[in-house]
Structures are given as C-alpha cells and as structure tokens.
Amino acid sequence: MERTLSIIKPDATKRNITGKINKIIEDNNLNIIAQKRIQLKEDTAEKFYSVHKNQSFFQDLIDFMISAPVVVQVLESENAVSKYRDIMGSTNPTEAEEGTIRNEVALSIQENSVHGSDSLENAKIEIDFFFTKDEIVG
Ligand code: ADP
Ligand code: MG
C-alpha cells in the first residue's frame, strides 16, 4: 500500500465541488484516510511550492492557493501516487483525458482543482508537511 498527498484547490472549494471530487477519488478505489479544510498562509504556500520558486507563474500560483480555503487529504491504495496522478489528469485541463478530475472540473492550467504528489518520496515529505501521525487513520 502507498499513500499520497492530495489538495483540493481554491477554485474547487469556492465552487462547492469538494464532494464531487471526493466521489471521483473514491469511485477509483483510493481511500481518503485523512482530510482537513484549511486556509493556507502565504509563507506556508511558498514553502510547499518552493520547487517552483523560479517559475514565472510562482507568485500567481501562491496568490491563487491562498485565495480561499483548500482541503488537504491523504489518499491510500496500491500505487496511490501514480494512480492519483492518472485520475487527476494533465496539469493543463485542455490536455486532460476524459474522466479525469481536471478534464471534468478544472478551469485553467492554474485553476486546475487538485494537487497530487509526483513521487513516493515527495508524497512522504508532503504528507508530513500537513499532517501529524495521529491525524491519519488508515
Ligand atoms: P502538477 O500540479 O500537475 O504537478 P506542476 O507541479 O508543474 O503541475 O505545477 C504546480 C501548479 O502550478 C499547477 O498544478 C498549476 O496550478 C500551476 N501551474 C503550472 N504550470 C503553470 C503555468 N504554465 N501557468 C500557470 N500556472 C501553472
Ligand atoms: Mg507538481
């Protein structure tokens, strides 16, 4: 079994579609074993996305991520990391396959509704970034 970090982003919390996204997650047999709604602060968002700090879109991304609450989640299944990346679809929703979350609900390459860890190593780091051990009930 693997665990991955998911974030339901502000464009989705603002549109009241967190349940719709959770249904896609659960219909694909990923188990939501931790979940909380939080308001990111600028410094937290900058730290989380620090790998992108030299990208032209960095400040816009931070402003977007703090523009409304997010829902952070730990998902568990076999191959959870790559499985969730598949279910999310491409970063740019115009390139996301039918049936993926980003194809179904994302608005743009920035407002693309969900984050998912891109490797098992990063999944562990990102889960520890948001959750204590006792908040995760597998
Ligand atoms: P992913 O979320 O698919 O792993 P990246 O890690 O490359 O994508 O980028 C992180 C986030 O930054 C994206 O999900 C998106 O919200 C935003 N982003 C990425 N590329 C762009 C871009 N070219 N323009 C605006 N925002 C972007
Ligand atoms: Mg990424």
Side-chain angles (χ1 to χ4, degrees):
M1 293 292 262
E2 271 182 24
R3 291 174 175 185
T4 192
L5 184 88
S6 165
I7 306 177
I8 301 180
K9 294 183 178 181
D11 67 281
T13 62
K14 273 192 272 197
R15 286 180 288 149
N16 208 22
I17 56 169
T18 61
K20 183 174 182 174
I21 291 171
N22 277 352
K23 177 160 168 53
I24 299 172
I25 290 170
E26 293 184 334
D27 283 349
N28 283 281
N29 297 316
L30 283 157
N31 295 330
I32 302 167
I33 60 169
Q35 176 167 260
K36 58 189 174 188
R37 179 175 165 101
I38 58 173
Q39 174 62 53
L40 288 176
K41 302 270 188 290
E42 185 160 28
D43 58 342
T44 311
E46 284 173 355
K47 198 172 165 205
F48 181 78
Y49 274 124
S50 60
V51 64
H52 296 303
K53 63 176 181 290
N54 294 322
Q55 301 283 344
S56 57
F57 59 78
F58 182 69
Q59 192 54 50
D60 282 348
L61 174 61
I62 300 308
D63 290 345
F64 163 57
M65 290 300 292
I66 66 174
S67 67
V70 298
V71 176
V72 291
Q73 312 173 300
V74 180
L75 310 182
E76 185 176 74
S77 76
E78 277 178 26
N79 305 311
V81 172
S82 63
K83 186 171 180 178
Y84 190 47
R85 293 293 305 194
D86 289 346
I87 293 162
M88 288 163 54
S90 301
T91 308
N92 187 344
T94 64
E95 293 164 12
E97 276 182 54
E98 214 160 298
T100 62
I101 294 169
R102 284 166 167 172
N103 176 278
E104 297 271 317
V105 304
L107 300 176
S108 68
I109 193 166
Q110 176 187 83
E111 294 186 294
N112 59 7
S113 307
V114 282
H115 166 87
S117 308
D118 62 7
S119 68
L120 192 54
E121 187 191 358
N122 283 337
K124 292 202 169 82
I125 294 166
E126 292 181 356
I127 289 167
D128 287 346
F129 188 87
F130 284 114
F131 290 95
T132 61
K133 265 207 169 66
D134 62 2
E135 289 176 316
I136 303 168
V137 187

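FYI, the numbering just counts along the sequence from 1. Counting starts at 1 for both ligands and their atoms, following the listed order.
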### Query
When you check the side-chain N and O atoms of Glu26 and Asn22, is any donor under 3.5 Å from an acceptor?
no
### Query
Looking only at side chains, do Glu95 and Asn103 share a donor and an acceptor under 3.5 Å apart?
no
## Note on the structure
If you compare Ile7, Leu61, Ile62 by their heavy atoms, the one closest to atom 12 (O) of ligand 1 turns out to be Leu61
### Shortest reach to atom 9 (O) of ligand 1 by a heavy atom, considering only His52, Arg85, Gln55
His52
#### Entry: ligand 1 versus Ile109: contacting region, heavy-atom distance under 4.0 Å
both
#### Entry: Any Lys9 heavy atom less than 4.0 Å from ligand 1
yes
#### Entry: His115 to ligand 1, any heavy atom closer than 4.0 Å
no
#### Entry: Nearest-0.5 Å distance, CG of residue Leu30 to OG of residue Ser6
9.0 Å
### Query
Should Lys9 and Val71 be marked as a side-chain contact (heavy atoms from CB on, under 4.5 Å) after you check the CA-CA gap, both sets of side-chain angles, and the distance that decides it?
CA-CA 7 Å; Lys9 294 183 178 181; Val71 176; over 6 Å; no
Protein residue, atom and distance nearest to [atom], heavy-atom basis:
atom                    : value
atom 19 (C) of ligand 1 : Phe57 CZ, 3.5 Å
atom 2 (O) of ligand 1  : Arg102 NH2, 3.1 Å
atom 1 (P) of ligand 1  : Thr91 OG1, 3.6 Å
atom 16 (O) of ligand 1 : Gln110 O, 2.9 Å
atom 13 (C) of ligand 1 : Asn112 ND2, 3.6 Å

### Query
When you check the gap from the basic side-chain N to the acidic O, do Asp11 and Arg15 get nearer than 4.0 Å?
yes
### Shortest non-hydrogen separation from Phe131 to Gln35 and the atoms involved
CE2-N, 4.0 Å
### Query
Strictly under 6.0 Å, is that where the ring centroids of Phe48 and Phe129 end up?
yes
